[in-house]
Amino acid sequence: MIEARSISKFFSVVNEKGLAEGLTAVLNVSLTIPDGKIVSLLGPSGCGKSTFLEILAGLQAPTDGTIHIDGKLVLEPLPATRKEQIAYRRRYRFISPLANGVFRDQPKHDIAMIFQDYAVFPWMTALQNVVFALKLRNADPRSTGKTGVVKLKKGVIEEKALFYLHQVDLAPSAHKYPSQLSGGMRQRLALARALSVEPKIILMDEPFAAVDALTREKLQDELLRLLNETGGAGTPITVILVTHDTQEAVYLSDEVIVFSPGPGTIRNRIPVTVKRPRARTDPELVEIQERILAMFQYDINQEADYSI
Ligand SMILES: Nc1ncnc2c1ncn2[C@@H]1O[C@H](COP(=O)(O)OP(=O)(O)O)[C@@H](O)[C@H]1O
Ligand SMILES: [Mg+2]
């Protein structure tokens with residue numbers, strides 16, 4: 001279970017007059033996400049979705065609030081008062097402040113993240129990309145029997161990498177470089193790499209935004225199929241998907257969390273209980289989409305559109 005408690009994130013930015021100014025990216029977001037659910041964070045661009053997702057992943061420290069995954073703290077908030085700063089420095093005096101990631105006590109491989117761009121290393125072939133992820137997982141000092149993660153033997157790594165490439169229909173392109181793959185294939189590779197470490201949670205930041213509409217629909221269905229197949233055996237994977245595409249959010253999710261236009265706060269939480277497999281034209285899905293679009297329209301016009 002993922003629990004976010006009153007997460008806020010403030011940035012200081014330089015305005016056009018050259019003065020420092022505070023910017024609130026995320027404001028007081030509290031959220032509980034049960035295991036095995038697909039949850040979308042939906043909102044207009046700039047509303048703090050990526051920032052919130054990176055805080056969930058432990059890639060950024062929140063200014064305030066805490067994230068717990070299965071009861072374990074992901075990353076503590078940044079020190080706000082002088083007293084906190086002193087305590088913080090003392091506690092982490094041997095660690096570079098840049099290595100914020102090591103502060104969390106959550107094993108890395110429990111979470112996999114897929115980004116919109118630069119999702120894969122361009123200097124590695126498809127196979128090398130997946131092998132790299134598995135090697136990283138092996139190198140994690142916490143990947144001992146204790147955390148339930150078994151170290152993989154050398155020969156097994158490549159076999160496993162090929163298995164996951166096969167899962168996303170990329171086995172024939174195993175020795176190609178990302179530049180030789182189409183956008184859709186690259187995102188499938190990112191998906192294979194994320195799944196290969198057998199994470200409990202996959203965080204996706206607009207994973208399908210850069211591909212054309214037809215490919216996007218195919219990738220969405222592929223994601224659902226893979227989650228079904230890989231999650232079917234063991235514990236189901238929890239997916240948190242950031243998107244600005246209302247249709248995508250409603251079609252894929254068990255729950256859509258609608259963010260308000262910046263600063264990011266939760267505007268509404270909409271459960272989608274339509275049974276899977278779903279039809280994109282399912283009237284219930286369409287109705288939810290329209291409700292969300294009307295909400296966004298209201299945010300823009302500050303008045304309700306009664307024609308919908
Ligand atoms: N490192 C940063 N420094 C200053 N401002 C930032 C930084 N990262 C994001 N922001 C600002 O925070 C807001 C939210 O950004 P982001 O989380 O990327 O939004 P979204 O993913 O919803 O488009 C934006 O106004 C953005 O300019
Ligand atoms: Mg973003």
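Every number for a ligand or one of its atoms is a count from 1 in the order of the listing. Predicted model only: the values in this text are computed from it and were never measured.
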Counting heavy atoms not belonging to R276, are there more than 12 under 6.0 Å from its CZ? yes

S8 and N28: side chain donor to acceptor below 3.5 Å: no

Hey, is L23 touching ligand 1 through its side chain, its backbone, both or neither, going by heavy atoms under 4.0 Å? side chain

Among all protein heavy atoms, pick the one closest to atom 18 (O) of ligand 1 and tell me residue, atom and distance. S50 CB, 3.8 Å

Tell me whether S12 has any N or O atom under 3.5 angstrom from an N or O of ligand 1. no

Quick check on G46 - does any of its heavy atoms sit under 4.0 Å from an atom of ligand 1? yes

Considering heavy atoms of the protein only, find what lies nearest to atom 15 (O) of ligand 1 and give residue, atom and distance to 0.1 Å. T51 OG1, 3.8 Å

Nearest protein heavy atom under 4.0 Å from atom 26 (C) of ligand 1, yes or no: no

Going by atom types only, do R216 and Q247 share a side-chain donor-acceptor pair under 3.5 Å? no

Taking distance alone, with no angle check, do G48 and ligand 1 share an N/O pair under 3.5 Å? yes

Here the atoms of ligand 1 under 4.0 Å from any heavy atom belonging to C47 are 19 (O), 20 (P), 22 (O)

Would you say the side chains of Y177 and Q128 form a donor-acceptor pair under 3.5 Å? no

Atom 3 (N) of ligand 1 within contact range, any protein heavy atom under 4.0 Å: yes

Test of proximity, F11 against ligand 1: N or O pairs below 3.5 Å: no

Can you find a heavy atom in the side chain of L224 that is under 4.5 Å from one in the side chain of I38? yes

For ligand 1, which atoms sit closer than 4.0 Å to a heavy atom of V13? 4 (C), 5 (N)

Electrostatic pair R188-E222, nearest N-O below 4.0 angstrom: yes

Side-chain donor-acceptor pair present, Y251, D245, cut-off under 3.5 Å: no

Less than 3.5 Å apart, any donor N or O on the side chain of S40 or T243 sitting next to an acceptor on the other? no

Would you say S50 has an N, O or S atom lying under 2.8 Å from the Mg ion (ligand 2)? yes

